[in-house]
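Position 1 is the first residue of the sequence; numbering continues from there. Since this is a predicted model, take the numbers as computed values, not measurements.
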Amino acid sequence: MSLKKMTYVALASLMMSGAAFAEDASLPKLSVNKDLQAKLPEAIRTSGKMISVNNGSFPPYEIVTGTKLTGASADLTDAIGEVLGVKIEHESVSGLPAILAGINSGRYQFAFGPIGDFKSREEANDFVDWVQEFVVFAVQKGNPKGITSLDSACGQRIAVMAGGSAEKVIQVQAEKCKTDGKGAIEVQSFTDQPSSILAVRSKRSDAFFSSQAPLTYFVSQANGQLELTGVGQKNGFEDLYQGAVVPKGSPLAPILKDAVKLLMDNGTYAAIMKKWGLENNMIKEPGINLGGMLPK
């Protein structure tokens, strides 16, 4: 069976089990906030819709099955649509560069993500941060290669998401391994999460270095084949904020921030995050470009 076909099979299995991962949650009833709706650009108010772009499945935030999107981000964008009085549609592309190019060309209004907010990315885009994340390793059960930190990744095959912040960190670590006279890291870059986690399950990779929330989801669906390591460590990152992405200077940034704040205040945000097992990733209030405010 080809790797591509194996990826589709594994992804289908994950998507079917995804419903069991999320518990039913009673969400507050929402209505259109006329003040926020009035602030939307006229083109959006006239069309009555916005397009949010994603990079395929990023469970438990984004779970793509065919053309249908579920997950915490889907629930939250549905709620934002209700508050703003517009329909939010979803489209998938391959890779973060395609997401950013599509947003900045005007093809899509935003990506709800969450996507890592870093000062370098803020040069071309604004971020509306609504979660805090951590970066860890997913490894085979029993951790046969003993990967527990960046230093112990030397000499190993490490899968990462192409174009993501974890890829940059692991590439820096790869150079450090060489400088220290240790085994070189084989950095394996994939365009999506399912392909990356499948590489570990099929022993093509020794670990997948990525955000803790989706890795926790994948481990929970792996029938005991995987485990997390490096939990509770910085692993090359300081505080890591993630959120929605809009073009630089877009009037949507403050509107999305206020919409998320409304959902936080009325309990919708907490209910959705807990529904998808993301209570440890919640923040008290959203912010714009929080990542760029952190010390280097």
Side-chain angles (χ1 to χ4, degrees), residues 1-23 56-61 63 133-162 164-178 180-237 240 276-281:
M1 184 181 294
S2 69
L3 176 59
K4 186 174 182 180
K5 187 172 182 181
M6 289 175 66
T7 300
Y8 288 151
V9 172
L11 178 57
S13 175
L14 283 170
M15 297 310 102
M16 285 187 291
S17 56
F21 183 82
E23 297 179 356
S57 289
F58 185 55
Y61 291 109
I63 303 172
E133 188 53 280
F134 311 90
V135 181
V136 298
F137 297 91
V139 299
Q140 295 159 26
K141 188 68 175 180
N143 194 12
K145 296 299 181 74
I147 301 171
T148 59
S149 64
L150 287 175
D151 284 339
S152 59
C154 294
Q156 310 299 337
R157 301 167 299 172
I158 308 298
V160 290
M161 288 284 288
S165 54
E167 182 184 52
K168 295 179 181 178
V169 168
I170 210 69
Q171 287 172 340
V172 169
Q173 180 61 31
E175 293 302 315
K176 184 177 185 298
C177 291
K178 292 179 184 177
D180 294 345
K182 299 179 180 179
I185 294 177
E186 181 183 336
V187 180
Q188 302 174 328
S189 301
F190 295 89
T191 58
D192 56 49
Q193 294 270 341
S195 297
S196 304
I197 206 71
L198 178 62
V200 179
R201 294 183 68 169
S202 62
K203 301 183 180 180
R204 291 183 176 88
S205 302
D206 299 310
F208 178 24
F209 185 54
S210 190
S211 299
Q212 182 171 308
L215 291 191
T216 299
Y217 174 89
F218 281 120
V219 167
S220 74
Q221 304 299 317
N223 298 319
Q225 295 179 352
L226 302 174
E227 64 182 71
L228 295 182
T229 67
V231 176
Q233 302 183 54
K234 291 187 176 181
N235 294 325
F237 294 88
L240 178 56
W276 292 95
L278 293 164
E279 52 267 41
N280 293 328
N281 298 90

Separation of Lys145 NZ from Phe137 CZ (nearest 0.5 Å): 13.5 Å

Of the options Val169, Leu240, Val160, which is the one that meets Val135 in a side chain to side chain contact (heavy atoms under 4.5 Å, CB included)? Leu240

Separation between NZ (Lys176) and SG (Cys154), nearest 0.5 Å, reads 7.0 Å

Measuring from atom CZ of Arg204 to atom OG of Ser196, what distance do you get when rounded to the nearest 0.5 angstrom? 12.5 Å

Could you grab the distance from atom OG of Ser165 to atom CD1 of Ile170, nearest 0.5 Å is fine? 11.5 Å

Within-4.5 Å side-chain heavy-atom neighbours: Val136 and Asn235: yes

Side chain to side chain donor-acceptor pair (under 3.5 Å) assessment of Glu186 paired with Gln188: CA-CA 6 Å; Glu186 181 183 336; Gln188 302 174 328; 3.1 Å; yes

Could you tell me whether the side chain of Gln173 reaches within less than 4.5 Å of the side chain of Asp151, counting heavy atoms only? yes

Derivation of the side chain to side chain donor-acceptor pair (under 3.5 Å) call for Asn281 and Glu133: CA-CA 6 Å; Asn281 298 90; Glu133 188 53 280; 3.1 Å; yes

Is Gln156 reaching over with its side chain to a backbone N or O of Ile185, donor-acceptor style, under 3.5 angstrom? no

Beyond-backbone contact of Val219 with Thr216, side-chain heavy atoms, under 4.5 angstrom: no

Which heavy atom in Leu278 sits nearest to a heavy atom in Pro60, and how many Å separate them? CD2-CG, 3.8 Å

Grab the two heavy atoms, one from Leu228 and one from Val231, that are nearest each other, plus how far apart they are. CB-CG2, 4.0 Å

Between Phe190 and Ala159, which heavy-atom pair has the shortest distance, and what is it? CE1-CB, 3.7 Å

Using modelled atom types and a 3.5 Å cut-off, is there a donor and acceptor pairing between side-chain atoms of Gln233 and backbone atoms of Thr148? yes

Closest heavy-atom pair, Ala207 versus Val139, reported as atoms and distance to 0.1 Å, is CB-CG1, 3.7 Å

Taking side chain as C-beta onward, heavy atoms only, is Ile63 less than 4.5 Å from Tyr217? yes

For residues Arg201 and Gln221, report the shortest heavy-atom separation together with the two atoms involved. NH1-O, 4.1 Å

Rounded at 0.5 Å granularity, tell me how far CZ in Phe208 sits from CD1 in Ile158. 11.0 Å

Ser195 side chain to Asp192 backbone, donor-acceptor under 3.5 Å: no

CD (Gln171) and OG (Ser189) are apart, to the nearest 0.5 Å, by 6.0 Å

For the residue pair Thr191 and Met161, what are the closest heavy atoms and their distance? O-CE, 3.7 Å

Are any non-hydrogen side-chain atoms of Gln140 and Gln225 less than 4.5 angstrom apart? no

Step by step, work out the side chain to side chain contact (heavy atoms under 4.5 Å, CB included) result for Phe134 and Asn280. CA-CA 10 Å; Phe134 311 90; Asn280 293 328; 5.6 Å; no

